[in-house]
Structure formats: structure tokens, C-alpha cells
Trainee: 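Supplied in C-alpha cells, the structure appears directly below.
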Amino acid sequence: MIRVNVSCSASYDILIENGLLSLAGELIASNFGGKRFCIITDDNVAPLYLDGLCASLDGQGVLCESFVFPHGEKHKTMQTVEQILAFLAEKRYTRSDMLIALGGGIVGDVTGFAAAIYQRGIGFLQIPTTVLAAVDSSVGGKTGVNLGGLKNQVGAFWQPSMVICDPQVFKTLPEKEYASGMAEVIKYAAICKAELAERIKDGEDVSQIIAECVSIKRDIVQRDERDTGERQLLNLGHTFGHAVEKATDNRFTHGQAVAIGTVMAFSAAESLGLCKKGEVERVKELCALYGLPIESGCSHAELLAAMQSDKKRVGGKITLALPRSFGDTVLYKTDMSALSDILKKAIGS
Ligand code: GLY
């Protein structure tokens, strides 16, 4: 089993091994025995893994119940969080009990946020069932929901107490979902680990790839948990990607939008003279390996309008993560007034 320890405001392990889901009951009983658990999941994941997880917990005498909400970005809302909180209150969960997020990024973010605010904070575990959640969103404690069409507008930093990652579950992912997770892996390679791109191409085992990605994220989160500096590097492809998601009303998955956003970041950086020429082709080639899209079809005006509401804007400025080369990304602070021009460079218009 691979174990990556994160030590920030909380200390916790990320455990990675094929078949780990069937051992979840044992792991949870031995680390968090005596507690009562509420598994939160969505209606895509529940039919696949909920019964198995309940049986694994039951087998160890661990008390658990479950709450299932409809899948999709449109349910990443305060309303879903309120329903979870009402369920926990009705079932008399207390601060010494715990939640388990069983699912992808949306389930993890919603569950983490409910955990952060229920009775001023209860513990939670992450069991990611998508590559995207495994390599990114289940680690680092960013939790939250969308509000009024604005992405992750409400939330909290609330670290999980453990991340249990079973790469075998990714076998049931639709191809598009698997590829979406690989967009985040490409992002890590582009930020600071160019050799990871070669390892992906060589078909390295997904457990090792996940361990590498979460170790990169762990190191960054340990230095900047509250996202005031270096952690913003992890937004490579996300600032443009979120604009694509907003402008297209989520026509693309989050990972697909990140792939498009990463290509845009490289195009902009090359045009600005920040990044050496030709690197964007490396990103496009990696995206092609997984059938990831590289352009959104959105106009400059549509993307600019979407970016105006980005929560990363501070005063009249926004910080973008832009590459100097593939594997070397830096933070680039710019005036909102310059954004229109940068966006033109990003989409080559
Ligand atoms: N997903 C980017 C971060 O956790 O900072």
C-alpha cells in the first residue's frame, strides 16, 4: 500500500492500493473505531459502491447510514448541503461522528463543506471514485458549493481525516471521466514535473501516477494551505477552464475544461513571451492521448464576461498560473484591464 502523509492544520494519510475499498471497513474501524458514520454519495456512485462500503463497515460492527443526492454540477448547491445538514440533525449525529464522501469531486466538495459547518465542524473521510478526485479534489481541504452560477463561491478549508483511494474503481468510469482526471495529471506535469508526462505516455501504473500527483499537491498545500500564494499554481488551466465551464453552461466536464484552459494558458504565455515557443504542442499532444478537447469554441467576449466574476480577482488584479516552459509554471499577476488582451492571446484571436 502507498501511504502519503499530509501535515498542515491537520495530519492525515492518503492510502492508495488496488482493492482498498473492500478493506475500507477494517481501515475505518481500526483508525476511527467507536464512531458513527454517514456516507454521502450521489445517484451515479451509490448503485456501484454504496452497498459494498456499508457491508464492509457492518462487517466490522461500525454503525453507518447513507445520504444520496442527484449527481451533477447543478446539485453542487447550498440546497444539497442544507438537505445533508437536516438529515444529520434528524438522525442526531454529533460532533464526535464522521461523514464519508464516497464519489467524485462534487461529492467530496459538498460533503467536506457539510462536515465543515455541521455543529461547527465534524470529521470526514474521502473515498474518491474518480481519477480527478483522487489526484486533486480529495486532497488539500478545499470544500464548497456553487452559488448563483458562480463556481465554488461558498466554502471552507476543512481537511479530511483520511483519504482512501482504490484505483480499481476507476475501471468503471466512462472514458470521458477517466480522461477528465488525466487532464489534472497533465496539469501537475506542466506545473513542476515534466517527466510525469513521459511516464503517462509509457503507461505507468495509475497508483504510482496518483501517488506522484498527491505528493506534489501535499508539498504545495503544506507550504500554503490557505491558497494565498504558491497554491495558486494548482490553478494552472483552471482560471481559463472555469470561464469555459461558465460560458458553456457546463457543456464540458471539469477536466475537459481544465485541458482547454491549460492549452489556453500555454498559448497566452507563449504569446506574452513568457514561455518558450512550441510547448503548447506538448500539451496538445498529451490531451490527444486521452481524447481531451483543446478548444472551447467560445468567443472572446463570452470568455471575458465569464472571467469578470472569477473569485480569484482581488481589487483590479487577477493572478494567473502561467508556464515558462512545460514543467515550470509561475504566478503572473495582471490588471483586469489587461485580461482582455491576454485572453485574445490565449484563444489566438
Ligand atoms: N484544486 C486546486 C487546489 O486544491 O488548490
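Heavy atoms only: backbone and side chains are in, while hydrogens, waters and symmetry mates are out. First listed ligand is number 1; within each ligand, the first listed atom is number 1.
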Trainee: Main chain of Asp227, side chain of Gln232: is a donor-acceptor contact present, judged purely on distance under 3.5 Å?
Mentor: yes
Trainee: How does His238 reach ligand 1, by side chain, by backbone, by both or by neither, if only non-hydrogen atoms under 4.0 Å count?
Mentor: neither
Trainee: Which of the atoms in ligand 1, numbered in the order shown and given with their element, are less than 4.0 Å from a heavy-atom of Lys217?
Mentor: 1 (N), 3 (C), 4 (O)
Trainee: With a cutoff of 4.0 Å, is Gln232 in contact with ligand 1, counting heavy atoms of the residue only?
Mentor: no
Trainee: Do other residues, nucleotides or ligands put more than 12 heavy atoms under 6.0 Å from Glu295 CD?
Mentor: no
Trainee: Look at Asp97 together with Lys35 and state whether they make a salt bridge at an N to O cut-off of under 4.0 Å.
Mentor: no
Trainee: Is it true that Lys345 and Asp341 make a salt bridge, defined as a side-chain N closer than 4.0 Å to a carboxylate O?
Mentor: yes
Trainee: Just by modelled atom types, is the Val139 backbone N or O under 3.5 Å from a matching donor or acceptor in the Lys217 side chain?
Mentor: yes
Trainee: Considering distance alone, does some N or O of Asn235 sit under 3.5 Å from an N or O of ligand 1?
Mentor: no
Trainee: Does any N or O of ligand 1 fall below 3.5 Å from an N or O anywhere on Lys187, backbone included?
Mentor: no
Trainee: Say whether, by atom type as modelled, one donor and one acceptor occur between the side chain of Glu279 and the main chain of Phe266 under 3.5 angstrom.
Mentor: no
Trainee: How close does the nearest protein non-hydrogen atom get to atom 5 (O) of ligand 1, and which residue and atom is it?
Mentor: Arg231 NE, 2.8 Å
Trainee: Can you tell me if Asp136 has a non-hydrogen atom under 4.0 Å from ligand 1?
Mentor: yes
